[in-house]
Amino acid sequence: MRDPVTFPFYNDLSSLPGVGPKLRPVLARLIDGETWLDLLFHLPTSWIDRRNRNTIDEVQIGEIATVTGTVDKVEHARLKLPARVRISDETGFITLTYFHANRQWLEKTFEIGKTIIASGKVGDYQGGRQIVHPDHVADPEKDDELPEVEPVYPMTANLTPRQMRKFMAVALDGIPDLDEWIDPHLMRRNGWPTFKQALIRLHQPKVYDLDSFVVARQRLAYDEALAREMAMGQARLARERRHSRAIPRAVGVEKTLVDALPFKPTRAQMDAYKDVATDMGRPIPMRRMIQGDVGSGKTLVAALAAALVAADGGVTAFMSPTEVLARQQAEAIGRFLAPLGIRVAALTGRDKGAGREDILDSVRSGKVQVLSGTQALYQSDVDLPDLSLVVIDEQHRFGVADRLKLTAKGVSPHMLVMSATPIPRTMALAVHGDLDISVIREKPANRQEVVTAAVPDTRINDVIAAVARAVERGERAFWVCPAVDSEDAGDASAIARRDVLSNYVNAPVELVHGRMPPADRDAALEKLRSGEAPVLVATTVIEVGVDVPEATIMVIEHAERFGLAQLHQLRGRVGRGEKASSCLLLYQAPLTENGKERLDTLRKTTDGFEIAEADFRLRGPGDILGLRQSGAADFRVLDITQDANLIETARTDAKSILMADPTLQGPRGVAVRRARDLFAPRIAELVAESD
Ligand code: ADP
Ligand code: MG
C-alpha cells in the first residue's frame, strides 16, 4: 500500500500539460515508465553552460556559445537557400541560419536593430561563423527566458528539450519534499541535499557546478541502494519467519551417490553442496545461489541436494530455460541418482495429453521424485504436493515471477538457483542480495584448457579444413554464426554456412537455430550428440548448457559482433571431454578497440571471473547476460561499478534500521519505507509475496 504522501509521484504522465494521447507513448518509451516518478528519474546525462556570454569575436567553432548582439540584416529563404539573420556587437558578427523557417516568425523575432541573445552550437559558414537553428533566441530584457544551465537528456524524436524541461518543472513543482530517511550524520558528512533538492539540482540547476551534480546524484544512488537493501532485508526477515521442511543430511545417501560417480567431485563442488545441505537442514526456506563458470559441475550439486530431498520423501522440481536443456538435465540427474533408485522424469511443453498425464501421475504417486522441466512445471494442472526443493538452472534466463510461480507449487520449498555468470561480490549482493551465494571457482581436474585463437576471416578456408580434419579423427564441432539467413549475415549466415561446410566435410552437417520448432532443434542436437552428424552449425541458441563431451572445436564467425560473456559461454560448449579442444574466433578486420580487447581477453584467460570483470569494464554491468531481463538489476540511478562503497554503506545502514525497528513503524521507519517503495517497488513486491 502506498503512502498517501507519495501519491503525486505516481501521477500519470498524461497529467502533465501538453501530454496527450500522441505524446504520452513517446514520452513513456523514452523514460521507460508511466509516472512522474519515472520522469524524475530520467536524469540528465550532461549540462550545457549557457552563461558564458562571450563577445562575438571570442566565439569558437565547435563550442556551444551564448552571444548577445543586434540584428543588422535578415535574408529570407529563397530557392534552396536558408534564411539567414546577422547579429553583431562591437567586436564582429555571427550568422543565425534557419532552414524552412516561418517568415512571419522570423520577422517578428528578428526586427532590425533589436538586441537579442542567441545560444547554440557554432559552426563554420564560408569562413565565418554561424549557428544553425539556435537552441535559444531570447530577449535580454527578459533574462529568465534563457536557462543559464541546461540539462541534457537522452532524447527521442517528437520531443524537444524545451518540452522536457517544462515537464520536469511541473513534476518538481508538484512533489512534496519527503521526511528525511538518511541518517543526519551521513548527510552532513557527504554534504548531501534533501531528496527533492537533489532532483531539483540535477533537473533545474541554477549554477553550472559539476561537483554539485555529482553530489546530488550520489545522494540518489545511496537512496536507491538503501531502498533495495531495506526491501531485501525485510524479505529475509519475512522468510526466516516461515516454516519449511528441514531435510536431514543423510550421509549414506551422499556416499552412495558419490561412490558411484565416474569421477571425483571437486572440493568446490562438495563445499557448495555442504552449504546447500546446511541450509536445507534448517526449518526455514533456503534461498541459495550457486555461481560457477560453465563446466564447473553445478548439476551434480543440485543432484546431491535432490537426493537428500528424495531420501526424506520429498519432490524436487528442476527448471531449465529450454526443452533441450530440461531433457538433458533429466538424463544427467537421472544417471547421478540411479544408484539410489531415485527416478527422474522430464516435463516440457511438448508433453501433452495422455503422456503428460502419466508423468504427472507418476510424480503424484511418488514413483518419480525429481521432475526436470521448463516453465511447463508451473502450469496449473501440475500438482506437486510434496515439493520440497526448487532448482532454477541458468537463472539469468528467468524472471522473478517464474521463480515465485514455481515455489508457489509447494509450501515454502527450499530454493537453489544456479548461475554461470560469475560476478564480483558487491555486484552479486546488489543484484541478488536476497540470496546466499556459494561460489564454485574450481574446475574439474580432467578439463582440458581450451586453446583459443583469433583468426581473420580471410583465413576461413584453413578453418574449414581444420574442422574437416577433426571430423576425420572422429571428433565433433560447433560452428556458430551471427544470424540465421543471409539477409542479416551474408555468407556468414547459418544456412549458407551449412551448405558450404556440407561440401567440404565428409559427413553430415546439421543446422540448428531459434526459428526452428523445438522438436527439430532437439533432433539436430541429438544427431551431434550421437555422432550421426559430427558438425553442427548454429546460432547462439546453443549458448546455454548444451553438453556434448566429444565436441572439440568451436568456431565462432564474426566473433567481433558478440559480447564477451556470450563468447565465453559459447566456448564453454567445448573442452568438456578428455580430448584437447580449441575455439577459433573468426573476425572481420579491422577490429574496434573494444572488439580487439574482447578477443584478446578470451585468448588470454578461460577464467569466468576474470572475463566477467573485463566485461563490466567494457560494457557496463546492466546488460551482462540478461541481468536486466531478470528484473532484479533495473537500477534507476545506481551504477554498481562505481557505487560499490555506497552499496556497502547502505547495507550496513539497512541492517541497523531493521534491527532497531523491524516493522518500520517509527518516524524514520516510515520515511525509509517511502524510499523503499519509490526506488525498489519490484523488490518490495517480493517482500509482500514472501510474507
Ligand atoms: P555446469 O556447471 O556448466 O552446469 P555441468 O554440471 O553440466 O556444468 O557439468 C559439465 C560436465 O562435467 C558434465 O558432463 C558433468 O557430468 C561433468 N562433471 C561434473 N563434475 C565433474 C567432476 N568433478 N569431474 C569431472 N567431470 C565432472
Ligand atoms: Mg548447467
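For clarity, every value in this text was computed on a predicted model and none was experimentally measured. Remember, it's 1-based here, ligands and their atoms both numbered in the order they're listed.
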Point to revise | For ligand 1, the portion of K264 having any non-hydrogen atom under 4.0 Å away | key: backbone
**Study point:** Subset of ligand 1 atoms that lie under 4.0 Å from at least one heavy atom of Q269
**Key:** 19 (C), 20 (N), 21 (C), 22 (C), 23 (N)
Exercise for review: Taking only heavy atoms of G295 into account, list the atoms of ligand 1 that are under 4.0 Å away from them.
Suggested key: 1 (P), 2 (O), 3 (O), 8 (O)
Practice item. Would you confirm whether H513, through its side chain, and R515, through its main-chain N or O, come within 3.5 Å as a donor-acceptor pair? Key: yes
Check your understanding: Distance under 6.0 Å and angle within 45° of the ring axis: does R441 meet both against F609?
Key -> yes
Check your understanding: For atom 9 (O) of ligand 1, which of G292, P265, G297 has the closest heavy atom?
Key -> G297
Practice item. Considering the heavy atoms of T266, write down every atom of ligand 1 situated less than 4.0 Å from one of them. Key: 23 (N)
Review point. What atoms of ligand 1 come closer than 4.0 angstrom to any heavy atom of T299?
Key: 4 (O), 5 (P), 6 (O), 7 (O)
Practice item. Indicate the atoms forming the closest heavy-atom contact of T552 with V574, along with that distance. Key: C-CG1, 4.0 Å
Exercise for review: Would you kindly say whether D402 and Y378 are connected by a side-chain donor-acceptor distance under 3.5 Å?
Suggested key: yes
Check your understanding: Do we see a donor-acceptor contact under 3.5 Å between the side chains of Y273 and E254?
Key -> yes
Study note, to complete from the structure: The atoms of ligand 1 lying under 4.0 Å from a heavy atom of V294, numbered in the order shown, are 3 (O)
Review point. Which atoms form the tightest heavy-atom contact between L325 and S320, and what is the distance?
Key: CB-CB, 3.9 Å
Review point. Would a distance-only check, ignoring hydrogens and angles, find a side-chain to backbone donor-acceptor pair under 3.5 Å from R497 to C481?
Key: no
Revision key, fill the gap. Counting from 1 in the order shown, the ligand 1 atoms closer than 4.0 Å to a non-hydrogen atom of R576 are 3 (O), 7 (O), 10 (C)
**Study point:** Structural part of D293 in contact with ligand 1, heavy atom criterion under 4.0 angstrom
**Key:** backbone
